[in-house]
Amino acid sequence: MEKLIEILEELNPEVDYNTCEDLVDGRHLDSLTILSLISEIEDEFDVVIPTTEIIPANFNSAKKIWELITRLEEEI
Amino acid sequence: MSYFGLFPLFVFLPLVIIIYNILPKKVRPIVLLIASYIFFYIISNKLIVFVILSSLSIYIAGLIMKEIDKDRDKLLEKVQEKEEKKLIKSKYKKRKKVILILTILFNVSFLFFFKNLNFFTLTFNDILKFLNIDYSFKIIKHLAPIGISFYTLEAISYLVDSYNEKIVPSNNIIKVLLYLSFFPTIMEGPITRFNEIDSSICSGEKVTYHNLCFGYQRIFYGLFKKYVIADRLNIFVKLIFSSYLNYSGVTVLFGAIFYTILLYMEFSGTMDVVIGASEIFNVKLPENFKAPFFSKNISEFWSRWHITLGTWLKDYIFYPVSLSKCVKKVAGLFKKLFNSHISSLVMGFVALFAVWSLNGLWHGAGWTFILFGYYHFILIFLGNIFEPFISKICLKLKINRNNRIYKSLRIIKTTFLIFIGELIFRAPTVNVATGMIKRIFTNFTFNNFGSEMLSLKLDIKDYAIVIISLIVVFVISVLKEKGKNVRESISKKNIVIRWSLYYLLILSIIVFGAYGVGYQPVEPIYADF
């Protein structure tokens with residue numbers, strides 16, 4: 001989780017990722033930032049995020065993104 | 001025919017509501033389907049066959065994919081090995097892919113034939129002429145089925161979502177037929193997803209007094225936007241775009257501003273009518289606009305303007321293209337050579353190019369629409385390139401980007417860029433578009449401003465009505481932006497205030513609507529796409 005927060009802070013340092021729950025809906029992460037985020041996550045955690053998982057519900061908070069990573073790791 | 005006419009709103013719709021309500025619950029979805037086909041037939045006559053063909057194709061393809069999934073799951077139950085499971089999944093996925101691609105091609109071929117073939121033929125003929133080849137391909141003149149651009153995108157989303165198991169393809173044929181042809185949405189969207197209206201479209205719930213009131217309130221608000229504002233500005237816009245050389249740059253800029261307002265009022269007004277009419281039948285449609293002129297950059301504008309088209313392109317083009325294997329490979333190389341920002345820019349460049357090429361073509365087969373698409377592509381891409389630098393500069397200069405003044409300046413900049421974009425969109429040719437933009441920047445004088453503005457068929461009274469009406473729309477937009485439900489708040493007021501407001505809205509449409517001699521009603525703009 002710490003590594004994920006680190007990645008997110010590098011992409012947009014102006015957000016408090018421990019509390020923010022509208023990263024996508026509140027436009028803190030736009031489509032291109034999500035692309036960077038996916039690329040970083042795939043490299044760091046060795047998972048592949050399918051396009052069907054790119055929905056606001058999976059990216060609205062650091063916690064949700066972490067849950068997605070954990071789920072994808074288990075599916076491998 | 002447009003949704004704003006007396007017949008669709010005050011004859012057809014009430015008749016459907018009455019028949020829908022008096023018949024038993026089970027039959028009501030069929031009533032909606034028959035009403036939808038009658039509506040389609042009135043506008044597009046025999047071309048109704050194409051919407052039926054599209055609907056049947058996705059219904060059958062969905063069922064085949066569902067069967068393939070069932071067979072796969074049965075087989076998977078018997079297997080324990082992870083590797084073997086992966087092989088089975090991949091084998092069955094390939095089978096589904098064949099169905100998916102064939103059905104998408106079947107649907108897109110109609111869209112291409114009706115919407116784009118003549119444009120490509122004309123372009124090809126121009127190339128042949130340029131190469132001095134004495135041959136030209138024949139242009140076939142034909143009408144397109146109404147709403148084909150909208151329902152084809154809905155058909156593709158149904159197929160892709162079934163393929164990805166995001167939805168369960170329906171066994172209920174009425175539901176699928178109705179999904180593509182539901183009469184409130186058939187002409188101009190919003191582009192809905194099957195899972196958004198799956199449960200409500202065939203629920204057969206009775207029309208209640210509450211739904212009827214709320215639905216017609218929203219319809220009247222749409223009529224207000226169209227008749228009082230859009231129709232009033234139409235004559236001005238027409239004159240400027242047909243003879244811009246007679247006017248100074250500042251008046252031409254007002255032409256672009258008024259067209260943007262007109263387009264917003266017409267299209268968002270249509271959405272109010274469409275969403276209101278659907279609400280009467282308990283069908284909750286997604287919103288297509290969310291105060292777009294409060295956007296701080298072009299990307300944000302497109303997440304607030306024609307939202308359902310934007311999300312469709314994002315879900316079915318942007319992410320699948322940017323995360324495809326070959327794009328990822330190239331981006332990986334850039335990451336090794338440079339950094340992750342450059343790598344994501346490469347991914348975004350390819351995907352955005354695909355999105356905006358399609359966005360331009362979807363709006364119409366013409367060079368102005370293609371230029372309109374690439375104009376936004378360049379603006380969004382440049383915005384992404386410079387964003388980290390701007391962010392660093394602001395940090396160094398200690399500029400708070402959430403500051404009101406900074407935000408307002410960004411909104412003004414974005415709005416101006418949107419005016420130029422819509423000018424390109426409206427211009428009859430690329431030459432006119434570039435000529436008008438040139439005139440704005442080279443002939444910006446206020447010398448004859450007053451007399452020019454009054455020579456364009458609008459008088460002081462017209463301007464006053466437009467300004468007051470825009471203030472009303474602006475206040476409602478601000479309240480909505482702050483998360484307030486205006487209709488709910490009004491419904492809680494006492495009966496005198498409530499009905500005074502309703503009558504005021506209806507009276508303002510009757511009294512201040514731009515009808516009769518001197519005005520030209522706006523034709524449904526998006527129904528042609």
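Each chain gets a letter, A, B and so on, in the order the sequences are listed, and its residues count up from 1.
- Highest contact tally toward chain A, considering only Asn164(B), Leu323(B), Leu395(B), is held by Leu323(B) [criterion: heavy-atom pairs under 4.5 Å].
- Between Tyr17(A) and Asn12(A), the closest heavy-atom pair is OH-O, 2.7 Å.
- Here Lys335(B) is the residue among Lys328(B), Met347(B), Lys335(B) with the most heavy-atom pairs under 4.5 Å with chain A.
- Contacts between Ser391(B) and chain A at a heavy-atom distance below 4.5 Å involve the side chain alone, from C-beta outward.
- Heavy atoms closer than 4.5 Å to chain B are found in both the backbone and the side chain of Glu40(A).
- Using a 30° and 60° split on the angle between ring planes, Phe381(B) and Phe349(B) fall in the perpendicular class, above 60°.
- Residues forming a salt bridge (Lys or Arg N to Asp or Glu O under 4.0 Å) with Arg193(B) (at least two apart in sequence, or on another chain): Asp315(B).
- Contact count against chain B (heavy-atom pairs under 4.5 Å) is highest for Asp43(A) among Asp30(A), Leu11(A), Ile55(A), Asp43(A).
- With a 4.5 angstrom heavy-atom cutoff, Ile34(A) touches chain B only via side-chain atoms.
- Partners of Lys89(B) according to the side chain to side chain contact (heavy atoms under 4.5 Å, CB included) rule, which considers only residues two or more places apart in sequence or in another chain, are Arg72(B), Leu76(B).
- With salt bridges taken as basic N to acidic carboxylate O contacts below 4.0 Å, none links Glu287(B) and Lys480(B).
- For Ile38(A), the part lying under 4.5 angstrom from a heavy atom of chain B is the side chain only.
- A salt bridge does not link Arg71(A) with Glu74(A): none of the charged nitrogens is closer than 4.0 Å to a carboxylate oxygen.
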